[in-house]
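Contents: one structure, followed by commentary.
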Amino acid sequence: MTKVAIISDIHGNVTALRAVLADAQQAGVDEYWCLGDIYMPGPGAEDVWTLINAVHPTIRVRGNWDDFAAAIMRGSYHPRRPMDIFVARNVRYLLERMPAADLQALGRWPLCMTRMLGGLHFGIQHNLPDINYGHTLYPRAEQSNFKALFADGQTDVAVYGHIHTQLVRYGDAGQLVLNPGAVGQPYSPYAPLRRDQRARYMLLTVGNQGLTDIDLRHVDYDVDAELALARARPYRTMTCTLNCGGRVWLVPTMRRRYAGLTSNLVTQQT
C-alpha cells in the first residue's frame with residue numbers, strides 16, 4: 001500500500017501547513033503531492049518553502065498565484081486594478097523575506113504532471129491541465145466542463161486544486177475527479193459547511209488493485225498564532241484580508257498606489 005498526502009492552496013498560511021504535515025506524518029504518508037498556490041496572502045514566506053521541500057513532494061505543479069510571482073520576476077506583470085497592486089505588494093513582501101531564486105524555481109514548476117500508481121493513471125494539475133486559473137471547475141460547474149481533465153484519453157483519476165473545496169465526483173466515463181480542498185483558505189459554496197475553517201487536505205491509499213481509500217482530512221491548527229503573524233506584516237498601503245478559523249483580519253489601507261512597483265521589484269531582486 002502507498003499513502004499519498006495531497007496538499008493545495010496553502011496561500012501562505014504556515015501554521016495550517018505545519019499542522020497538516022504533522023497530521024500526514026502521523027498517518028504514515030509515503031509521498032506528497034503539492035498542487036500549487038503556496039504563497040499569498042498569508043504571512044508565510046521562506047518558512048513555507050522550507051516545509052514543502054522538507055517532505056520532498058513527488059508531484060509539484062504551479063498555481064495561478066505562483067504564476068503572478070513568476071510574472072513579476074520576469075518583469076511581465078503590469079498592474080492596472082487594485083487587486084493587481086495588492087498581488088504585487090504581496091510579492092514584494094516575499095522578496096524581502098526569501099531568496100529571489102526560490103520564487104524563480106517556483107515559476108518553473110509545470111502546469112500538470114502524471115503519476116502511475118496501483119495500475120491507475122493519475123493526472124494532476126492546479127486547475128485544468130493547461131490553464132491554472134478561472135472558474136471552469138467550480139463545485140457546481142456543468143459536468144461537461146470536467147471533460148478537459150480527461151482529454152488525453154489516458155487519465156483514470158484527475159486531481160486538481162484551485163477551488164478551495166474538497167470534492168469527489170465522476171467523469172462522463174466513470175473516471176474519478178478529486179480535489180483536496182485548501183490548506184490555508186478552505187471554502188464551501190454552502191454557508192452551513194463554510195463554518196468549518198479547519199485546514200483541508202486529502203489522503204489517498206493505493207494498493208495493487210488500485211485506489212482503496214479516499215480520506216478527506218480536516219485538521220485543527222492554532223488560528224491565533226497565524227493571525228499574530230499576519231498582524232506583524234508591514235502592510236500599510238493596501239487592504240488585506242486573512243480568513244483563518246472563520247475569523248477575518250483586515251489591514252487598513254492608505255489608498256495609495258505604487259507607481260512602477262513591479263519594475264522596482266525586478267530591479268532590486270535580480
Side-chain angles (χ1 to χ4, degrees), residues 1-11 13 15-38 42 51-52 55 57-61 63 113 115 117-118 120 122-127 135-141 143 145-146 149-150 155-171 174-207 209-223 226 243-246:
M1 294 287 183
T2 300
K3 279 192 174 183
V4 181
I6 307 176
I7 60 175
S8 187
D9 295 278
I10 300 158
H11 285 289
N13 191 332
T15 313
L17 177 61
R18 287 195 182 100
V20 161
L21 294 179
D23 187 80
Q25 184 178 21
Q26 187 174 13
V29 163
D30 299 297
E31 63 179 90
Y32 295 80
W33 299 352
C34 180
L35 275 53
D37 275 8
I38 70 173
L51 287 168
I52 290 173
V55 298
T58 53
I59 297 291
R60 304 179 190 222
V61 295
M113 295 184 70
R115 178 86 164 91
L117 202 60
L120 295 173
F122 289 80
I124 305 141
Q125 51 271 308
H126 182 69
N127 186 40
H135 299 173
T136 306
L137 303 180
Y138 271 28
R140 293 177 288 191
Q143 177 70 12
N145 291 11
F146 292 83
L149 294 171
F150 305 101
T155 298
D156 304 307
V157 182
V159 184
Y160 75 105
H162 187 57
I163 63 172
H164 294 211
T165 305
Q166 290 181 323
L167 177 145
V168 179
R169 65 182 292 166
Y170 293 94
Q175 312 100 314
L176 196 57
V177 181
L178 303 175
N179 193 301
V183 171
Q185 292 180 319
Y187 174 77
S188 171
Y190 185 59
L193 296 180
R194 203 156 55 238
R195 290 195 299 265
D196 182 354
Q197 286 288 308
R198 288 175 293 174
R200 309 283 208 275
Y201 79 107
M202 181 177 286
L203 274 180
L204 300 183
T205 303
V206 186
Q209 296 182 349
L211 190 57
T212 64
D213 189 54
I214 301 169
D215 189 354
L216 305 178
R217 306 285 288 178
H218 294 199
V219 181
D220 286 312
Y221 68 97
D222 190 341
V223 172
E226 184 66 16
N243 186 344
C244 56

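Remember, predicted model here, so these are calculated numbers, not experimental data.
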### Task
Please confirm whether the backbone N or O of V159 pairs with a side-chain atom of Q125, one donor and one acceptor, at under 3.5 Å?
yes
### Query
CG/D213 to OG1/T205 distance, rounded to the nearest 0.5 angstrom?
4.5 Å
### Query
Looking at residues at least two apart in the chain, or sitting in another chain, which of them share a ring pair (Phe, Tyr, Trp, His ring centres under 6.0 Å) with Y170?
none
### Task
Apply side-chain contact (heavy atoms from CB on, under 4.5 Å) to D196 and H218, showing your working.
CA-CA 9 Å; D196 182 354; H218 294 199; 2.8 Å; yes
### Message
If I compare all heavy atoms of R200 with all of Q197, which pair ends up nearest, and what's the gap?
### Response
NH1-C, 4.0 Å
### Query
Does any N or O in the side chain of D30 come within less than 3.5 Å of the main-chain N or O of K3, such that one atom is a donor and the other an acceptor?
yes
### Query
Looking at residues at least two apart in the chain, or sitting in another chain, which of them share a side chain to side chain donor-acceptor pair (under 3.5 Å) with S188?
none
### Query
For the atom pair CD (Q209) and CG (L120), what is the distance rounded to the nearest 0.5 Å?
11.0 Å
### Task
Would you indicate whether the side-chain heavy atoms of T165 and N179 approach each other to under 4.5 Å?
no
### Query
Are the side chains of L17 and N13 in touch, meaning some heavy atoms are under 4.5 Å apart?
no
### Message
Is there a side-chain contact (heavy atoms from CB on, under 4.5 Å) between V4 and V29? Walk through the geometry before answering.
### Response
CA-CA 6 Å; V4 181; V29 163; 6.0 Å; no
### Query
How about Q26: does its CD atom have over 12 heavy atoms from other parts shown lying under 6.0 Å from it?
no
### Message
Is any side-chain heavy atom of L176 closer than 4.5 Å to one of V168?
### Response
yes
### Task
Begin from the C-alpha positions of M1 and V206 and carry the test side-chain contact (heavy atoms from CB on, under 4.5 Å) through to its verdict.
CA-CA 6 Å; M1 294 287 183; V206 186; over 6 Å; no
#### Entry: E31/R115 ion pair, N-O < 4.0 Å
yes
### Message
I'd like to check I7 versus P180 (side-chain heavy atoms, cut-off strictly below 4.5 Å). Are they in contact?
### Response
no
### Query
Just how far is it from atom CG of L35 to atom NE2 of H162, taken to the nearest 0.5 Å?
12.0 Å
### Task
Mark yes or no for whether D9, through its side chain, and D37, through its backbone, hold a donor-acceptor pair below 3.5 Å.
no
### Query
Got a second to check how far L216's CG is from L178's CG, nearest 0.5 Å?
8.5 Å
#### Entry: side chain to side chain contact (heavy atoms under 4.5 Å, CB included) partners for N145, two or more places apart
T136, L137, A141, E142
#### Entry: Distance, nearest 0.5 Å, that separates CG of L117 from CH2 of W33
6.0 Å
### A19 versus Y221, closest heavy-atom pair with distance
CB-CB, 3.7 Å
### Task
Return the set of residues passing side chain to side chain donor-acceptor pair (under 3.5 Å) with T15 (not counting sequence neighbours), or none when no residue passes.
E226
### Task
With sequence neighbours excluded, tell me which residues meet side chain to side chain donor-acceptor pair (under 3.5 Å) with D215.
R217
### Message
If you define the side chain from C-beta out and look only at heavy atoms, does anything of F122 sit under 4.5 Å from I59?
### Response
no
## Note on the structure
Taking every heavy atom of S8 against every heavy atom of G161, the minimum-distance pair comes out as OG-CA, 3.6 Å
#### Entry: Closest heavy-atom pair and its distance - T155, G123
CG2-N, 3.7 Å
### Task
Please report the shortest heavy-atom distance between P186 and V183, naming the atom on each side.
CD-O, 4.3 Å
### Message
Under the criterion side-chain contact (heavy atoms from CB on, under 4.5 Å), I'd like the reasoning laid out for I52 against I38: C-alpha separation, chi angles, the key distance, then a yes or no.
### Response
CA-CA 9 Å; I52 290 173; I38 70 173; 3.7 Å; yes
### Message
Side chains of V219 and R198, heavy atoms from C-beta outward: is any pair under 4.5 Å?
### Response
no
### Query
ring pair (Phe, Tyr, Trp, His ring centres under 6.0 Å) with Y160: which residues, sequence neighbours excluded?
none
### Task
Would you confirm whether H164, through its side chain, and Q185, through its main-chain N or O, come within 3.5 Å as a donor-acceptor pair?
yes
### Query
What heavy-atom pair brings G171 and F150 nearest, and what distance separates the two atoms?
CA-CE1, 4.0 Å
### Message
Can you tell me how far apart CD1 (I6) and CD1 (I124) are? Round to the nearest 0.5 Å.
### Response
7.0 Å
### Query
Do R169's NZ or CZ and the ring of F146 fall within the cation-pi criteria of under 6.0 Å and 45°?
yes
